[in-house]
Asker: 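Pasting in a structure now, in structure tokens, and then I'll have a few things to ask.
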Amino acid sequence: MTEIRSEIRFMLNGVETALSDVRADETLLDYLRLRRALRGTKEGCAEGDCGACTVLVGRLTPDGLIYESVNACIRFLGSVNGCHVVTVEHLKGQDGGLHPVQQAMVDFHGSQCGFCTPGFVMSLYALWMRRTDPTEADIEKALQGNLCRCTGYQPIVKAARAISSYGRVETDVLASERARVEATLNALKDGARVEIGQDGQRLVIPASVEDLAAVLEAEPEATIVAGSTDVGLWVTKFMREITPVVFIAHLDELHTVTETDGAVSVGACVSYTEAFSALSRRIPAFGPLIDRIGGEQVRNMGTIGGNIANGSPIGDTPPPLIALGATVTLRKGESRRTIALEDFFIDYGKQDRRPGEFVERIDVPVPGEGTHYAVYKLTKRRDEDITAALGAFHLTLAADGTVAAVRIAYGGMAATPKRATAVEAALAGKPWSSETVEAALDAYGKDFAPISDMRASADYRMLAARNLLRRFHLETTSGLPVQVSRYEAA
């Protein structure tokens, strides 16, 4: 029998905290600002774009305690159960004065109006703890999710390079209290399920994956929340009711990445950050793609399983995974079924996930030796932008240069992520030549009827989709390395 408690327990800065009055849709940002008066954490966009709300969340992993930058504006308070939340107010130098990150920002004039500054400080703090001598590329990547409207980024980049001249990570406040924090977080892992609230406002934090299966069998219509990078916006932008909520990001069993000779298996709660190493190494096209999914805070929170389960037609990972022939394993109670990922998406907002089922694992085949694989994401700006159209191509050529096998999938072109089966049929068995590609372009009209919206017109999407096939052909026949997932302005 699973023990049940009616409060969440976590650490806030240096203090252990227990709360029983937690709304299912209460954000971490609202709790910090409204209930704790920790107003260094700002609300700028309320959608995980600007980074003004950035805090660090420390969590225990099989590899020990790690701290990650997250967007407090779309992170739900219930999801920090068992974690250590660190706000800008917790930072200090060895002498009690400014922290090295803060002092560097002052000395290099990295702030003007100051609204965005605490978020920049926290993102740079997370980077500094990982890399004390970061390259400019490291700094730019760490700051993808932080926007400044007045200072300009050069002073901030200069400050980032200089942090280690103001102090050492080994003597930092989070280093000095690390053992105590780890001991506290381990003590909070009591193996209990958390249930808070009833009727219109209820949240559940399962004790294990087995407990999750039991919870969803009892409450099949519950909203499952992993990283909350989508569900957070349902609350902050669309004012949707999401209760009852079942939080799952803490479940270690769903954070596994397993590699075999021919595949990478990714647990449903593996974040983009966690998946990056294995996927970018085994499938190089995934590296540049993951680097363009939101900012660092979003990649630390968002999960591949959630990106799939949400079923958005502009989700970044389903088309590349479909092109590879990935499968998804769904679980209900003790029963599991595995289906082709492309079959999971039925229609707009409708997936083949039965009541009480949840995504447990995604199995991703690794492209074979000699095959060609590329992903192209089209957006209006380079970083932190939602896809206008995305194309993924997986090609195997026969010894005589004809198309032995081809899988092409797109996002942003239909109500779901979708394969271009008519285009594939027009290419199959033909010579991989510009003449074959040009002859296949008319087949796009059989596969897709894109819509116009704020991101791109229907005509642009159709033209871009065709041009991506042309581009893939040119890059695979030029003898030059395929330029995977490069930016193109929409």
Asker: Look at the side chain of His250 and the backbone N and O of Val80, then say whether any donor-acceptor pair between them is shorter than 3.5 Å.
Answerer: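 Absent.
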Asker: Salt bridge (Lys or Arg N to Asp or Glu O under 4.0 Å), that's the test. Do Arg59 and Glu274 meet it? Break it down for me.
Answerer: CA-CA 13 Å; Arg59 59 185 177 89; Glu274 291 172 319; 2.9 Å; yes
Asker: Checking Arg461 side chain against Ala456 main chain: does a donor-acceptor pair fall under 3.5 Å?
Answerer: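 Checking the backbone N and O of Ala456 against the side chain of Arg461, a donor-acceptor pair under 3.5 Å is found.
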Asker: Within the distance-only criterion (no hydrogens, no angle test), does the side chain of Arg381 pair as donor or acceptor with the backbone N or O of Asp383 below 3.5 angstrom?
Answerer: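 Confirmed, Arg381 side chain pairs with Asp383 backbone.
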Asker: Return the orientation label for the Tyr373 and Phe286 ring planes: parallel under 30°, perpendicular over 60°, tilted otherwise.
Answerer: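 Rings of Tyr373 and Phe286: parallel, under 30°.
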Asker: Does a side-chain N-to-carboxylate-O contact under 4.0 Å join Lys189 and Asp252?
Answerer: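 Salt bridge flag = yes for Asp252 with Lys189.
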Asker: Ignoring hydrogens and angles, state whether a donor on the side chain of Asn146 or Gln297 is under 3.5 Å from an acceptor on the partner side chain.
Answerer: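 Yes - a donor-acceptor pair under 3.5 Å links their side chains.
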Asker: For residues Ile322 and Phe344, determine if any side-chain heavy atom of one lies less than 4.5 Å from a side-chain heavy atom of the other.
Answerer: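 SC-SC contact between Ile322 and Phe344 ruled out.
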Asker: I'd like to know if the side chain of Lys418 reaches the main chain of Asp447, judged simply by a donor and an acceptor atom lying under 3.5 Å from each other, with no hydrogens or angles considered.
Answerer: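 At least one qualifying donor-acceptor pair exists.
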Asker: As an exercise, state the distance from NE2 of His372 to NE2 of His473, rounded to the nearest 0.5 Å.
Answerer: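 Spacing of NE2 (His372) from NE2 (His473) equals 10.0 Å.
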Asker: Check Thr54 against Gly119 and note the closest heavy-atom contact, atom names and distance.
Answerer: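 Closest approach of Thr54 to Gly119, heavy atoms only: CB-O, 3.8 Å.
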Asker: In Å and rounded to the nearest 0.5 Å, what is the CD1 to CG distance from Ile362 to Leu321?
Answerer: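 Nearest 0.5 Å value for the CD1-CG distance: 7.5 Å.
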Asker: Glu357 pairs by salt bridge (Lys or Arg N to Asp or Glu O under 4.0 Å) with which of Arg331, Lys332, Arg337?
Answerer: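 Answer to the salt bridge (Lys or Arg N to Asp or Glu O under 4.0 Å) test with Glu357 among Arg331, Lys332, Arg337: Arg337.
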Asker: For Ile8 and Leu77, work out which heavy atoms get closest and say how close.
Answerer: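 Closest approach of Ile8 to Leu77, heavy atoms only: CD1-O, 3.7 Å.
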Asker: For residues Val437 and Phe472, determine if any side-chain heavy atom of one lies less than 4.5 Å from a side-chain heavy atom of the other.
Answerer: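 A side-chain contact under 4.5 Å is absent here.
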Asker: Check whether any side-chain N or O of Thr135 sits under 3.5 Å from a backbone N or O of Asp138 as a donor-acceptor pair, and report yes or no.
Answerer: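 Answer holds: yes.
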Asker: Does the side chain of Trp234 reach to within under 4.5 Å of the side chain of Thr223, using non-hydrogen atoms?
Answerer: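 Yes; the side chains approach each other to less than 4.5 Å.
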Asker: Output, in order, the C-alpha distance, side-chain angles, deciding distance and verdict of side-chain contact (heavy atoms from CB on, under 4.5 Å) for Glu140 and Tyr153.
Answerer: CA-CA 9 Å; Glu140 289 177 353; Tyr153 295 92; over 6 Å; no
Asker: Looking just at side-chain N and O atoms, do Asp211 and Ser208 make a donor-acceptor pair shorter than 3.5 Å?
Answerer: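 Judged by distance alone, the side chains do not pair up.
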Asker: Only one of Arg292, Glu296, Glu384, Arg299 passes side-chain hydrogen bond (donor to acceptor under 3.5 Å, both in side chains) with Gln144; say which it is.
Answerer: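 Result for side-chain hydrogen bond (donor to acceptor under 3.5 Å, both in side chains) with Gln144: Arg299.
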Asker: Do you know the tightest heavy-atom contact between Val245 and Ala24?
Answerer: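 In this case the closest contact between Val245 and Ala24 is CG2-CB, 3.9 Å.
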Asker: I'd like to know if Lys430 pairs up with Glu435 as an ion pair, taking the criterion as any Lys NZ or Arg NE/NH1/NH2 lying under 4.0 Å from an Asp or Glu carboxylate oxygen.
Answerer: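 Not counted as a salt bridge, because no side-chain N and carboxylate O are separated by less than 4.0 Å.
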Asker: Is the side chain of Tyr444 donor-acceptor paired with the backbone N or O of Leu463 at a distance under 3.5 Å, no angle test?
Answerer: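 Answer holds: no.
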Asker: Crowded around Lys350 NZ? As in, over 12 foreign heavy atoms under 6.0 Å?
Answerer: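 No, NZ of Lys350 has 12 or fewer neighbouring heavy atoms, counting only those of other groups under 6.0 Å.
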Asker: Hey, are the side chains of Tyr125 and Phe120 touching, using non-hydrogen atoms and a 4.5 Å cut-off?
Answerer: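 Result no, sub-4.5 Å side-chain heavy-atom pair not found.
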Asker: Is there a side-chain contact between Thr27 and Ile74, using heavy atoms and a 4.5 Å cut-off?
Answerer: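 No, too far: nothing below the 4.5 Å cut-off.
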Asker: So, do Thr243 and Leu203 sit near enough that their side-chain heavy atoms are less than 4.5 Å apart?
Answerer: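 Result no, sub-4.5 Å side-chain heavy-atom pair not found.
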Asker: Would the distance check show the side chain of Thr371 and the main-chain N or O of Gly368 forming a donor-acceptor pair, the cut-off being under 3.5 Å?
Answerer: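 Checking the backbone N and O of Gly368 against the side chain of Thr371, a donor-acceptor pair under 3.5 Å is found.
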Asker: Judged by atom type as modelled, is there a donor-acceptor pair below 3.5 Å linking the side chain of Asp190 to the main-chain atoms of Ala192?
Answerer: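 The answer is yes, because a donor-acceptor pair under 3.5 Å joins these two groups.
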Asker: Could you tell me which non-hydrogen atom of Asn186 sits nearest to which non-hydrogen atom of Leu60, and how far apart they are?
Answerer: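 Nearest heavy atoms, Asn186 then Leu60: OD1-CD1, 3.4 Å.
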Asker: Once you round to the nearest 0.5 Å, how far does CD1 of Ile224 lie from CG of Asn310?
Answerer: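 Ile224 CD1 to Asn310 CG: 11.5 Å, rounded to 0.5 Å.
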Asker: Would you give the length of the straight line joining atom CD1 of Ile290 to atom OG of Ser280, rounded to the nearest 0.5 angstrom?
Answerer: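 Rounded to the nearest 0.5 Å, the CD1-OG separation comes out at 6.5 Å.
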Asker: Carefully, step by step, assess Ile293 and Asn307 under the rule side-chain contact (heavy atoms from CB on, under 4.5 Å).
Answerer: CA-CA 11 Å; Ile293 295 175; Asn307 198 230; 5.9 Å; no
Asker: Measure the CD-SG distance between Glu47 and Cys53 for me, rounded to the nearest 0.5 Å.
Answerer: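 Result: 10.5 Å between the selected atoms.
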Asker: Can a donor-acceptor pair be found, under 3.5 Å and without considering hydrogens, that links the side chain of Arg282 to the backbone of Asp261?
Answerer: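 Checked: pair present.
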Asker: For the pair His394 (side chain) and Arg407 (backbone), establish whether a donor and an acceptor sit closer than 3.5 Å, ignoring hydrogens and angles.
Answerer: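 No, the answer is negative, given that no donor and acceptor are paired below the 3.5 Å cut-off.
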Asker: Is there a donor-acceptor contact under 3.5 Å linking the side chains of Asp400 and Thr402?
Answerer: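 Distance-only check passes for Asp400 and Thr402.
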Asker: Please tell me if the side chains of Thr317 and Tyr272 come closer than 4.5 Å, counting only heavy atoms from C-beta onward.
Answerer: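 Yes - at least one pair of side-chain heavy atoms lies under 4.5 Å apart.
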Asker: Evaluate the side-chain proximity of Ile346 to Thr416: yes if any heavy-atom separation is below 4.5 Å, no if none is.
Answerer: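 Of all side-chain heavy-atom pairs linking Ile346 with Thr416, none is under 4.5 Å.
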Asker: Does either side chain, that of Ser271 or that of Asn300, offer a donor lying less than 3.5 Å from an acceptor on the other one?
Answerer: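 No - no donor-acceptor pair under 3.5 Å links their side chains.
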Asker: Could you walk me through whether Glu475 and Phe393 satisfy the side-chain contact (heavy atoms from CB on, under 4.5 Å) test, starting with their C-alpha distance in whole Å, then the side-chain angles of each, then the deciding distance to 0.1 Å, before giving a yes or no?
Answerer: CA-CA 12 Å; Glu475 291 184 340; Phe393 303 82; over 6 Å; no
Asker: So how far is it from Tyr348 OH to Ser312 OG, rounded to the nearest 0.5 Å?
Answerer: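 Rounded to the nearest 0.5 Å, the OH-OG separation comes out at 6.5 Å.
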Asker: Can you give me the closest heavy-atom contact between Ala46 and Thr236, atom names plus distance?
Answerer: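 For Ala46 and Thr236, the tightest heavy-atom pair comes out as O-OG1, 2.7 Å.
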Asker: Taking all heavy atoms of Arg9 and all of Asn81, pick out the closest pair and write down the distance.
Answerer: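 Taking Arg9 first and Asn81 second, the nearest heavy atoms are N-OD1, 2.9 Å.
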Asker: Return yes when atom CZ of Arg131 has more than 12 non-hydrogen atoms of other residues, nucleotides or ligands closer than 6.0 Å, and no otherwise.
Answerer: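 Check fails, neighbour count at 12 or below.
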Asker: Quick one, Leu390 with Ile314, criterion side-chain contact (heavy atoms from CB on, under 4.5 Å). Give me CA distance, side-chain angles, the key distance, then yes/no.
Answerer: CA-CA 8 Å; Leu390 185 150; Ile314 52 174; over 6 Å; no
